[in-house]
Amino acid sequence: MRRVVIIGLDAGRWQAVRAAFAGYEDAPEFVAAGQDQRDWLVKDLVAGEAGADAAASLPEAGGSVIVFFAGFDGRESSHCIDQTRGLFGPDVIFAGLTTTNAGWTLGQLVRELMAERAEIARRAASAGGQE
């Protein structure tokens, strides 16, 4: 089963995501996750029931939308990214299910993704100053 777990969407943007995939025969299942699922293991989150259309975001996400893929191959996730990129704006983080992060809690996953994003930004800023 292909699932897309999305953290940090408001109700309006949830409707836009659903509308973008309406009528797709092979559309993935979308799951809202947030504050209420903070202590859930990622593997349980992607295996459980689909969430509501919106969920209270995790504060550590810093307002970013996180799109997490489970059950996709590389081509499929790339296609889904292309289809959804315009819906989320610049503060979107895309990630996929791995054997490592499957055992993390949702809160830990978000913290790790935000730390990784900050490190990438730090490296880019450092590289820009070394011209």
Would you confirm whether Asp73, through its side chain, and Glu76, through its main-chain N or O, come within 3.5 Å as a donor-acceptor pair? yes

Can you name the one residue among Val92, Ile93, Leu58, Leu109 that meets side-chain contact (heavy atoms from CB on, under 4.5 Å) with Ile66? Ile93

Judged by atom type as modelled, is there a donor-acceptor pair below 3.5 Å linking the side chain of Asn101 to the main-chain atoms of Gly96? yes

Shortest non-hydrogen contact between Ala33 and Leu45, atoms and distance: CB-CD2, 3.8 Å

Check side chain to side chain donor-acceptor pair (under 3.5 Å) between Gln108 and all other residues, then give those that pass, not counting sequence neighbours. none

Would you kindly confirm whether Ile7 and Leu41 end up in one hydrophobic cluster when ILVMFWY residues are joined by side chain heavy atoms under 4.5 Å apart? no

Pairwise side-chain contact, Ile6 with Val4, heavy-atom cut-off 4.5 Å (strictly under): yes

Can Ser57 and Gln35 be said to form a side-chain contact (heavy atoms from CB on, under 4.5 Å), step by step? CA-CA 6 Å; Ser57 187; Gln35 186 69 27; over 6 Å; no

Find out whether Val17 and Leu9 are in side-chain contact, i.e. whether some heavy atom of one side chain is under 4.5 Å from a heavy atom of the other. yes

For side-chain contact (heavy atoms from CB on, under 4.5 Å), just list the numbers for Val65 and Arg13, CA-CA rounded to whole Å, side-chain angles, deciding distance to a tenth of an Å, and then say yes or no. CA-CA 11 Å; Val65 172; Arg13 290 198 290 175; 3.4 Å; yes

Could you go through the side-chain contact (heavy atoms from CB on, under 4.5 Å) check for Ile120 and Arg123 one step at a time? CA-CA 5 Å; Ile120 290 168; Arg123 287 182 184 178; 5.9 Å; no

Please report the closest heavy-atom contact between Met114 and Ser64, naming both atoms and the distance. CE-OG, 3.9 Å

Can you find a pair of side-chain heavy atoms, one from Phe68 and one from Val42, that are under 4.5 Å apart? yes

Does the ring centre of Phe30 sit less than 6.0 Å away from the ring centre of Phe21? yes

Taking only Lys NZ, Arg NE, NH1 and NH2, and the carboxylate oxygens of Asp or Glu, determine whether Arg111 and Glu116 approach each other closer than 4.0 Å. no

Apply salt bridge (charged side-chain N to carboxylate O under 4.0 Å, His left out) to Glu60 and Arg38, showing your working. CA-CA 11 Å; Glu60 55 264 55; Arg38 155 182 258 117; 2.3 Å; yes

Not counting sequence neighbours, which residues clear side chain to side chain contact (heavy atoms under 4.5 Å, CB included) with Ser77? List them please. Phe69, Phe72

Is there a side-chain contact between Pro28 and Arg3, using heavy atoms and a 4.5 Å cut-off? no

Are Leu97 and Lys43 side-chain neighbours, meaning at least one heavy-atom pair lies under 4.5 Å? no

